[in-house]
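Just so it is clear, the values below take in all heavy atoms, side chains as well, and ignore hydrogens, waters and symmetry mates.
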Amino acid sequence: MLIPISNTPRDYSWGSTDLIARLQGRTPTGRPEAEIWYGDHPGSPSQVLGAGGGTLDTALADAGEAPLPYLLKLLAAGSSLSIQAHPTRAQAREGFAREEAAGVPRDAADRLYRDDNHKPEIIVALSDEFHALVGVRDLATTRRLLAALGDGPALSHLDGLLAGADPESAVRRALEWALTEATAADVAELTADLERATDPAFADEIASLRIAARDFPGDRGLFVALLMNLVVLHRGEALFAPAGVLHAYQSGLGVELMAASDNVLRGGLTPKHVDVPELLRVLDPSVGPAPLVAPQPLADGVAEFAPPVDDFALTRVELGGTPVTLDLRGAAIALATGGEVTVDDGDERVVLAPGSAVYVGGGARSIVLSGVGEAFVAQPGRDAVGA
C-alpha cells in the first residue's frame, strides 16, 4: 500500500527562508520555513494526496495500520534552535503521568511532557555544511577556551566549577549556575569577551558563540552553549542525539528522524519555558566528543544510519539509473531529496520529486526505488534497547 503524502512547512522563527524552497525547486516565500513533518504525529500529521485526502493518521486508522513509531522531517535552520535534551522512556512515562495527574493542559506553555515516549533523534546533512552543538565538550578543552576568552569574574567562576575531580558533577554544577545564578552582567561579560577574542585555536567555536549571543542577547543559555561540542557535518554525515544529551542545531538543511514524541526539556537560547531541575534530572552529563553515526553500506549507493534504538533507522539511497531493492522491517516512509525517484511496492508505483514523500504500508516486505536522484527511507530500527 502506497500513500503519497505532503505537509506545510512550519514557520518557527529559527527556520531558513530559502533552504526548503530551493530543495523543492520553488520560489521562497520570504518567511521562515523550519520543518516539514512526514508522518502521523498529531502535532502536524501529513496530508494525504489524491483520492480521499485527509490526514495520514486518519488514513492509517481507517486502513487498520498501526501508528508509526517515528517521525521523519526536513529541517532547515537559519538560526539556532533552543538548547534541549529529551527524556528516556521511563522518565517520559513518569513525567507525563505526573503532569496529567496535576491537570497541566497538554498545550500549556510550561508543559514538559506532552506524551509518554522518549525522543532520540538522528539528523543527516543535506547542505554542504550543517552546524550543531551536541554533547558536552571535554572539560580540559573548555577550560582552555575560557582562558582564551578572558579572566573576568564570571568566566573565572565557571572555570572554578569545572575544575572538580569528577567531570559529571562539575558539568551539573556549571549548568545549574549558568541557568539559575548567572546574572545579566555575567552574560554581558561573556558577550564582550567573545567579541574581543582572537585565539585561532578556537576560531570556529568563538564565531558560533558570537552568533548565538547576537541571536539571543542576554540569554543565560550562552554559558551552556560554551560547554558544548561544535559539530560541522558535511553532506551525507550524521549525528545522533540519544536521551539526555544536550543539543542545538544551528544552521543548515538536513533529514531528521526521531521517535514519535514531542517531549523537550530546554536549556537556553530560547524565549520558551526552561525548567532547570527537570532538565538536570534527565541530563546525561557525560563529557566527550559528539555522538556521530557512521553509515553502514548495504549495497552500491545504499547506506543505513542505524543508531541503537528500536524506533527507527534511516537509509540513504543514491540512484544513478539502476533500480535498488530495499528490504523493509515494517511500515516505511520514502522521501525524495534530489532528482526524480520512483517507489514501487509490487502493486503500485509513485514518482517523487524533491521534498515529496510516500507512506509504504500494507505489510510490504520490500520496495524498489528507481530513477536518478536521492531518497531517504525511514523504517523501524534493527535493535531494541531498554528504557
Side-chain angles (χ1 to χ4, degrees), residues 1-12 14-15 20-21 23-24 26 29 31-76 81 86 92 96 100 105-109 111 113-123 254-264 309-314 328-337 343 345 348 350 352-364 367 375-381:
M1 178 175 67
L2 300 183
I3 303 177
I5 55 176
S6 68
N7 217 332
T8 302
R10 300 177 74 81
D11 61 352
Y12 304 141
W14 50 263
I20 290 178
L23 177 79
Q24 295 182 323
R26 58 179 171 83
T29 65
R31 299 186 298 274
E33 295 182 338
E35 298 177 341
I36 299 180
W37 291 20
Y38 304 93
D40 60 346
H41 193 285
S44 181
S46 292
Q47 300 294 312
V48 173
L49 302 177
T55 57
L56 184 61
D57 53 345
T58 300
L60 297 188
D62 290 346
E65 300 266 301
L68 290 166
Y70 56 78
L71 174 61
L72 180 66
K73 299 180 180 180
L74 275 175
L75 183 146
L81 285 67
H86 308 301
F96 181 75
E100 288 287 282
R106 292 190 189 180
D107 61 351
R111 176 91 187 209
Y113 297 94
R114 302 180 190 278
D115 53 67
D116 63 356
N117 199 16
H118 67 166
K119 192 187 175 187
E121 58 191 52
I122 186 173
I123 192 158
V255 174
E256 184 181 34
L257 182 59
M258 62 185 63
S261 173
D262 198 23
N263 290 326
V264 177
V309 295
D310 57 349
D311 309 80
F312 60 79
L314 185 63
L328 300 179
R329 296 181 292 273
I333 293 179
L335 167 67
T337 52
V343 179
D345 71 349
E348 303 173 86
V350 172
L352 301 177
S356 60
V358 61
Y359 169 85
V360 185
I367 51 175
F376 286 81
V377 179
Q379 62 173 312

Peer 1: Over all heavy atoms of both residues, which pair between A313 and R329 is shortest? Give the atoms and the distance, please.
Peer 2: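 Between these two residues, the closest heavy atoms are CB-NH2, 3.4 Å.
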Peer 1: Which value, rounded to the nearest 0.5 Å, describes the distance between L314 atom CG and M258 atom CE?
Peer 2: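 Taking CG in L314 and CE in M258, the distance rounds to 11.5 Å.
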Peer 1: Please check if the side chain of S46 supplies one atom and the backbone of N7 the other of a donor-acceptor pair under 3.5 Å.
Peer 2: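 Absent.
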Peer 1: Are any non-hydrogen side-chain atoms of F96 and N117 less than 4.5 angstrom apart?
Peer 2: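 The answer is no, as the side chains (C-beta and beyond) never meet within the 4.5 Å cut-off.
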Peer 1: How many angstroms lie between atom CG of D57 and atom OG of S44, to the nearest 0.5 angstrom?
Peer 2: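 Rounded to the nearest 0.5 Å, the CG-OG separation comes to 10.0 Å.
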Peer 1: Output yes when a side-chain donor or acceptor of Y38 lies under 3.5 Å from a complementary backbone atom of G355, and no otherwise.
Peer 2: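 At least one qualifying donor-acceptor pair exists.
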Peer 1: Donor-acceptor check, side chain of E348 to backbone of L2, threshold 3.5 angstrom: yes or no?
Peer 2: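 Yes.
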Peer 1: Only one of L68, I122, L71 passes side chain to side chain contact (heavy atoms under 4.5 Å, CB included) with F312; say which it is.
Peer 2: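 With F312 as partner, L68, I122, L71 yield a single side chain to side chain contact (heavy atoms under 4.5 Å, CB included), made by I122.
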Peer 1: Taking it one step at a time, do Y113 and E100 satisfy side-chain contact (heavy atoms from CB on, under 4.5 Å)?
Peer 2: CA-CA 9 Å; Y113 297 94; E100 288 287 282; over 6 Å; no
Peer 1: Might you point out which heavy atoms bring W14 and A76 nearest each other, and give the distance in Å?
Peer 2: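 W14 and A76 have their closest heavy atoms at CZ3-O, 3.6 Å.
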Peer 1: Is the closest side-chain heavy-atom distance between L60 and Y359 below 4.5 Å?
Peer 2: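 L60 reaches Y359 side chain to side chain.
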Peer 1: Specify the closest pair of heavy atoms between A59 and I3, including all atoms of both residues, with the distance to one decimal.
Peer 2: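 It is CB-CD1, 4.4 Å.
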Peer 1: Roughly how far, to the nearest 0.5 Å, is CG of L74 from CD of E33?
Peer 2: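 That separation rounds to 11.0 Å.
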Peer 1: Go through it in stages, so that I can follow the logic: the residues are V377 and V343, the test is side-chain contact (heavy atoms from CB on, under 4.5 Å), and I'd like the CA-CA distance, side-chain angles, deciding distance and then a yes or no.
Peer 2: CA-CA 11 Å; V377 179; V343 179; over 6 Å; no
Peer 1: Distance-only, no hydrogens or angles: does the E65 side chain make a donor-acceptor pair with backbone N or O of G362 under 3.5 Å?
Peer 2: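 Confirmed, E65 side chain pairs with G362 backbone.
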Peer 1: Sequence neighbours left out, what pairs pass ring-ring contact (aromatic ring centres under 6.0 Å, His included) with at least one residue falling in residues 51-71?
Peer 2: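 Output for this query is empty, none listed.
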Peer 1: Applying the side chain to side chain contact (heavy atoms under 4.5 Å, CB included) test to I5, which of I333, V350, L335 qualifies?
Peer 2: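 Only one option passes, and that is I333.
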Peer 1: Would you check if the side chain of R114 reaches a backbone N or O of R106 as a donor-acceptor pair within less than 3.5 Å?
Peer 2: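 Checked: pair present.
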Peer 1: When you check the gap from the basic side-chain N to the acidic O, do K73 and E121 get nearer than 4.0 Å?
Peer 2: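 So K73 does not pair with E121 through a salt bridge.
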Peer 1: Write down the atom of D311, the atom of A259, and the distance for their closest heavy-atom approach.
Peer 2: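 Heavy-atom minimum between the residues: OD2-CB, 3.7 Å.
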Peer 1: If you look at every heavy atom in D116 and A92, which pair is closest and at what distance?
Peer 2: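 Result for this residue pair: C-CB, 3.7 Å.
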Peer 1: More than 12 heavy atoms of other residues, nucleotides or ligands under 6.0 Å from CZ of R26: yes or no?
Peer 2: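 Above 12, so yes.
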Peer 1: Tell me yes or no: between the side chains of N263 and D115, is some donor less than 3.5 Å from an acceptor?
Peer 2: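 Looking only at side-chain atoms, D115 and N263 do form a donor-acceptor pair, the distance falling under 3.5 Å.
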Peer 1: Tell me, with the steps shown, if T8 and Q47 meet side-chain contact (heavy atoms from CB on, under 4.5 Å).
Peer 2: CA-CA 9 Å; T8 302; Q47 300 294 312; 5.7 Å; no
Peer 1: For the pair I36 and Q24, evaluate side-chain contact (heavy atoms from CB on, under 4.5 Å) and give the outcome as yes or no after the intermediate values.
Peer 2: CA-CA 12 Å; I36 299 180; Q24 295 182 323; 3.6 Å; yes
Peer 1: Which heavy-atom pair separates P380 from A331 by the least distance, and what is that distance?
Peer 2: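 For P380 versus A331, the nearest heavy atoms are CD-O, 3.4 Å.
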Peer 1: F376 pairs by side chain to side chain contact (heavy atoms under 4.5 Å, CB included) with which of L257, L72, V255?
Peer 2: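 Going through L257, L72, V255 one by one, the side chain to side chain contact (heavy atoms under 4.5 Å, CB included) with F376 is satisfied by V255 alone.
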